[in-house]
Amino acid sequence: MTPAHGGFRGWAAARARQVARLRFTSLRLRLVVVFGLVALTAAVSASAIAYWLNREAVLTRTQDAVLADFQQEMQNRAGALPEHPTQDELQHTAGQMANSSQRFSVLLVAQDDNGRTVYGNSGALDGFALQDVPKSLRTAVNKEQEVNANNKYAYHLYWQRTVEDGTPYLVAGTKVIGGGPTGYMLKSLEPEAKDLNSLAWSLGIATGLALIGSALLAQAAATTVLKPVHRLGVAARRLGEGKLDTRLRVSGTDELADLSRTFNDAAEALEKRVAEMAAREDSSRRFVADMSHELRTPLTAITAVTEILEEELEAESGSMDPMIEPAVRLVVSETRRLNDLVENLMEVTRFDAGTARLVLDDVDIADQITACIDARAWLDAVELNAERGIHARLDPRRLDVIMANLIGNALKHGGSPVQVSVREAVEDVVIEVRDHGPGIPEDVLPHVFDRFYKASASRPRSEGSGLGLSIAMESAHIHGGAITAANSPEGGAVFTLSLPRDASELTAQETDEKKNGKRAEGEA
């Protein structure tokens with residue numbers, strides 16, 4: 001049962017893809033529809049014209065032959081009758097006239113010697129009768145015309161096509177010139193109608209075949225035209241995915257070939273430009289890394305000296321000259337700040353180079369945050385609301401870096417007390433850091449995680465480097481998490497850190513994918 005079910009699902013999926021490809025907005029379907037409409041219009045027009053011409057030709061040929069034969073019979077046989085014939089004479093003559101080559105029914109009407117109207121037809125008593133002749137035709141036949149130079153005869157032959165019970169007929173009538181009976185003729189056109197119906201069916205079949213042929217031709221033309229367009233779309237998607245070596249095979253000299261050449265030229269120029277930018281970025285990254293490494297050696301010596309100076313400042317002996325004490329304190333402070341900047345630059349360089357890795361361990365979130373606060377002597381300024389026992393598999397050092405930056409930023413720019421809360425989600429651990437300051441201006445919110453960004457217009461000058469929140473965000477991303485910044489309705493800024501409960505070590509490519517995905521969600 002399973003293979004059959006899988007086969008059905010595969011067939012259904014294939015059908016769904018075909019329907020999706022044939023949506024009305026697709027160029028392929030529009031080409032097929034346009035070709036079909038043009039072919040249908042042309043075929044229907046040609047068939048209608050052909051049917052009309054053939055119909056007129058068939059009916060006119062049959063009509064002319066029948067009317068000529070009837071007129072000849074009227075002259076030869078009806079004209080030989082006396083002016084006042086008897087009914088038997090009319091009946092006999094009508095039978096003779098009906099036996100002509102055209103095989104039509106005949107009705108003769110005359111007056112006998114007593115002035116009575118007598119009839120003679122070629123059939124039985126229920127055959128062709130006068131009431132079968134349209135009244136308008138009888139009036140025209142019996143109307144005497146004025147004889148003049150343009151009209152040599154007082155009576156003429158008139159005819160009319162009628163339909164009775166679905167069968168077409170030709171009805172004609174005339175009067176014997178010089179006195180005599182009036183003759184009417186009834187000819188069935190059913191054989192001609194059957195021939196015309198056969199012709200109509202043939203033309204309809206030809207129209208259907210033309211429509212099918214045009215659809216097949218349109219499909220072939222669409223395939224020929226759209227195949228290069230499809231290849232162009234696939235190449236554009238590959239180019240958008242970062243495969244900058246994508247190129248199209250160019251053949252021919254038409255517009256699609258020109259489009260392919262243009263695409264190849266654009267892809268080549270883009271590849272060169274990206275390569276140049278990557279080279280400059282690598283050069284800048286190497287410069288920052290080399291500079292940071294080179295600065296560490298003199299900074300180590302300077303830090304040692306500043307530590308000695310700081311001990312002298314804190315000594316109770318008062319050996320430090322009061323005149324230089326402010327300068328010494330400035331040197332100590334700026335040296336510490338420079339040391340932090342170098343460390344941050346080296347950390348940023350690791351993220352950019354993709355060499356940052358996680359050292360995972362099972363961490364109690366509450367204990368780790370408490371240790372971070374205690375190590376920086378923030379216990380009096382931070383309120384922690386976290387239950388012990390919430391564990392996650394994370395990198396403790398990077399979690400310490402994240403929390404130090406978030407809490408430190410809140411203390412510097414928001415003011416105490418800073419509230420830190422921890423809660424569990426379905427698959428994540430969510431940590432919120434909220435301050436009681438003025439909040440973050442709306443125009444600053446999109447940039448708080450940018451490197452070296454400082455909202456100097458709304459916040460006092462910071463002693464930081466402008467890299468702390470950026471490093472915190474990168475550390476969250478490498479775990480597969482994210483940080484968001486917002487303003488609390490009750491006042492103050494709120495930073496929300498979301499980390500997975502079990503973060504596995506990611507490759508550089510996976511880290512970039514998660515980073516881009518989180519940024520896209522933030523922008524959305």
Side-chain angles (χ1 to χ4, degrees), residues 10-36 214-290 348-357 450-451 474 477-478 480 505-524:
W11 175 84
R15 291 288 298 173
R17 287 193 295 270
Q18 291 177 359
V19 172
R21 283 197 297 268
L22 288 178
R23 62 187 186 279
F24 189 72
T25 55
S26 68
L27 186 58
R28 180 185 299 274
L29 181 58
R30 280 185 284 175
L31 281 174
V32 173
V33 170
V34 169
F35 267 74
S214 67
L216 295 176
L217 180 62
Q219 178 69 14
T223 301
T224 303
V225 173
L226 296 180
K227 187 178 292 183
V229 177
H230 176 69
R231 287 200 298 263
L232 179 62
V234 172
R237 283 194 296 271
R238 289 172 57 87
L239 195 65
E241 293 170 357
K243 300 174 183 178
L244 301 180
D245 58 342
T246 302
R247 298 293 184 273
L248 289 172
R249 180 172 56 86
V250 181
S251 59
T253 57
D254 55 8
E255 290 81 358
L256 291 174
D258 293 338
L259 182 60
S260 298
R261 293 189 187 93
T262 303
F263 175 85
N264 290 340
D265 294 339
E268 184 177 0
L270 180 61
E271 184 179 18
K272 290 181 180 179
R273 184 65 180 271
V274 171
E276 293 174 358
M277 294 176 63
R280 287 197 295 267
E281 185 178 357
D282 290 341
S283 177
S284 300
R285 189 181 300 117
R286 284 195 302 270
F287 171 76
V288 173
D290 293 343
V348 168
T349 303
R350 294 189 195 99
F351 284 120
D352 290 345
T355 58
R357 293 292 181 267
D450 293 350
R451 295 176 182 177
E474 296 289 350
H477 284 158
I478 200 173
E505 187 172 358
L506 305 175
T507 63
Q509 181 178 358
E510 291 171 337
T511 302
D512 291 340
E513 290 176 355
K514 284 186 174 290
K515 184 191 304 182
N516 294 335
K518 295 293 183 181
R519 287 178 179 171
E521 292 177 3
E523 292 173 358

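Reckoned from all heavy atoms, side chains included, excluding hydrogens, waters and symmetry mates. Numbering starts at 1 and runs along the sequence shown.
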Query raised in the report: Does any pair with a residue in residues 228-239 pass salt bridge (Lys or Arg N to Asp or Glu O under 4.0 Å), and if so which ones, sequence neighbours excluded?
Result: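 For residues 228-239: none.
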Query - Sequence-distant partners of L270, side chain to side chain contact (heavy atoms under 4.5 Å, CB included), two or more places apart - result: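 With sequence neighbours excluded, L270 shows a side chain to side chain contact (heavy atoms under 4.5 Å, CB included) to L239, L244, V274, given in chain and number order.
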**Report entry** side chain to side chain donor-acceptor pair (under 3.5 Å) partners of residues 265-279, not counting sequence neighbours, each pair once
**Finding:**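 Sorted result for residues 265-279: R247-E271.
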**Report entry** Those residues that, when tested against R261, pass side chain to side chain donor-acceptor pair (under 3.5 Å) (two or more places apart)
**Finding:**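 Testing R261 for side chain to side chain donor-acceptor pair (under 3.5 Å), a comparison that skips the adjacent residues, returns D258.
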Query - Set of side chain to side chain donor-acceptor pair (under 3.5 Å) partners for D450, sequence neighbours left out - result: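 D450: side chain to side chain donor-acceptor pair (under 3.5 Å) contacts with H447.
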Query - Residue pair L248 / F263: nearest heavy atoms and the distance that separates them - result: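 Of all heavy-atom pairs spanning L248 and F263, the closest is CD1-CD2, 3.6 Å.
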Query - Contact summary for A257 and V250, nearest pair of heavy atoms - result: O-CG1, 3.9 Å
